[in-house]
Amino acid sequence: MAVVSCSIDLPGLYFDAEKNRYFPIKSRIPGSSSASASTSAQKPSPKLNQIWKYEGTRRIADAALEHICLDIQTPDGITKSEILLAGGLNGTFCLSEVGYVGRRANNGVQCMPDLVQPLNIEKQTASLNSPGLLWRPMGAVVEMLSSVSCIKISRNYHPQSTDTDSSVPHALVTTLGSETSGGSVYMMNLSEPLEYGLGIAMLSGRFDEISRIKSTVWTADSNSDGNQAVIGTNIGAALVHIESGRRSWICRCKSDVLSLQFDSSGNIVLCGLRNGAIVTVDTRQKPEDLHDRLPKHQIPFPSSKTSASSSGKGQKHEKQWFELRGNIRHSQTIFMPSSVSCLTALKQFDQYFLASSMDGTVRLYDHRLTQRGPVQFYDGNVNSHTRIQISVDPSERFFMSGGEDFCLRIWSIKSGEMLYEDKFMNSVPSVVCWPRGVHDSNRRPANHFPGAWLGSQEGLFYVNDL
């Protein structure tokens, strides 16, 4: 008698088809446990008190942003400082020190913040909450061969830690490519303290091109160890070894990989495709450079074409498929309504990830329960064709995104409620980021939750919130 493996829904458990067993499920939505709910109820929703715009920053930060703490070599020794890394669609990559006013600020470009909202506040009160100037030292700008497409910091960066492991070994920087040259993957060395006054060699000497590809490089991510990167291109996704530059394809397809994310283990990569599919790729396979050696798959689209017969009787259902190669987990393939614009994995709840598509749809998924559909929906986002990033705050209670209507919006991850909506610029806030740890708190109260950076063609903006 043959035994057939099957699964039924059991409360608090999910069935893993590959391992043929049940596993316990965490809270259905991050923060939805009773303990978390009571705690979060005491925390106010984000209230943006001031919004600042930086002069002289037009088109230098409309592609990528990262705010981190780095060691700076000064005449008085090594000190920590807040650094903003910014990339533009015009190919500009620049480094700026945030909020510093001192002797060394004379040798470089200063970008002052102007208060955009509210306009009826007293100057003295406004200056107390100012994020400070941006200072770009001499030699802190690099003109790349094409548009900057991504800036990523390795996930082992923990700025609150005093251990040596908390240092930032490198920044991963990718360029989109052009008609005359393909995209590139660069490693920017950050293991040594930054030294000002070196002129043009300050940044150019820290950039190493570790891989160039005859394709468009849309996006990238770095694993938790920082020794491996995954890049999304117009012909698939590839792993790149940071030290050697060795590249191996893990997924090949005819639909561009516009967004991707490593999971917490570094063995699984989520790939968001232009055709709306989100596929799960297992990287634990023998690296092969030839795509025809990767396993071939035909993935069905969720919808079918329906056409009436000439007699008007009956309907014809035409199944649509797309082909890709790689170590794909079929059971975890899901579809967004349009091209996948951004994928953002949560850290505290490592099975959850946010996905947005170019029609404005934003959803929260549990990676273990993808076949049951999203666990949360977020209404109100406005988009039609723009690649717009979404960013999760350090507490993982909120996320924010810009829209094609030039508005900034903030949602509660748990409830799905839109908590903030406002228009204060005349371009799309296409990139957003929260500071990844703030070492120097001289200009912020100890209990102050740091604000966030917004990048658009119009320039850099900073929002204060409590």
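Keep in mind that what you see is a predicted model, and the values were worked out from it rather than measured.
Q332 is not listed as a side-chain neighbour of I268, based on a closest heavy-atom distance of 4.5 Å or more. A 4.5 Å side-chain heavy-atom check between E97 and I83 finds at least one atom pair inside the cut-off.
Expressed to the nearest 0.5 Å, how far NZ of K152 lies from CG of D221 amounts to 4.0 Å. The CG atom of L343 sits 8.5 Å away from the SG atom of C271 when rounded to the nearest 0.5 Å. For the atom pair CG (L70) and CD1 (I153), the distance works out to 7.5 Å, reported to the nearest 0.5 Å. Atom OG in S248 sits 10.5 Å away from atom NE2 in H241 (nearest 0.5 Å). Expressed to the nearest 0.5 Å, how far SG of C407 lies from CG of D422 amounts to 7.0 Å. Here S401 contributes atom OG and N381 contributes atom CG; the two are 4.5 Å apart, rounded to the nearest 0.5 Å.
Ring orientation note: the planes of F353 and H367 are nearly perpendicular, at an angle over 60° on the 30°/60° scale.
Checking side-chain atoms of S456 against main-chain N and O of P429 turns up no donor-acceptor pair under 3.5 Å. Without hydrogens or angle criteria, R363 side chain to M336 main chain gives no donor-acceptor distance under 3.5 Å. With hydrogens and angles disregarded, no donor-acceptor distance shorter than 3.5 Å links the side chain of S81 to the backbone of I72. At distances below 3.5 Å, at least one donor-acceptor pair connects side-chain atoms of H297 with backbone N or O atoms of G326. Using a distance-only test at 3.5 Å, with no hydrogens or angles considered, a donor-acceptor pair links the side chain of E396 to the main chain of K347. Judged by distance alone, the side chain of D263 and the main-chain N or O of S265 form a donor-acceptor pair under 3.5 Å. Side-chain atoms of S146 come within 3.5 Å of backbone N or O of G177 as a donor-acceptor pair. Not a single donor-acceptor pair under 3.5 Å links the side chain of S356 to the backbone N or O of S341. Judged purely by atom type and a 3.5 angstrom limit, N267 has no side-chain atom pairing as donor or acceptor with the backbone of R284.
Between N464 and W52, the shortest heavy-atom contact is OD1-NE1, 2.8 Å. Of all non-hydrogen atoms in L294 and I250, the two that sit nearest each other are CD1-C, 4.2 Å.
Ion pair K53/D114 not flagged as a salt bridge, since none of the NZ, NE, NH1 or NH2 atoms sits closer than 4.0 Å to an Asp/Glu carboxylate oxygen. For D405 and K423, the salt-bridge test fails: no basic side-chain N is under 4.0 Å from an acidic carboxylate O.
Using modelled atom types, one finds no donor on one side chain facing an acceptor on the other under 3.5 Å when comparing D366 with Q351. A donor-acceptor contact under 3.5 angstrom links the side chains of S149 and T174, judged on distance only. Side-chain atoms of D379 and W411 include no donor-acceptor pair closer than 3.5 Å. Side-chain contact annotation: E404 with T386, donor-acceptor N/O pair under 3.5 Å present.
F398 and Y420 have their aromatic ring centers separated by at least 6.0 angstrom. In this structure, Y462 has its ring center at least 6.0 angstrom away from the ring center of Y54.
Y186 is linked by a side chain to side chain contact (heavy atoms under 4.5 Å, CB included) to M144, L145, V173, T175, S184, F207, E209, counting only residues two or more places apart in sequence or in another chain.
In summary, of the residues considered (L89, L460, V148, T57), a side chain to side chain contact (heavy atoms under 4.5 Å, CB included) with D62 occurs for L89 alone.
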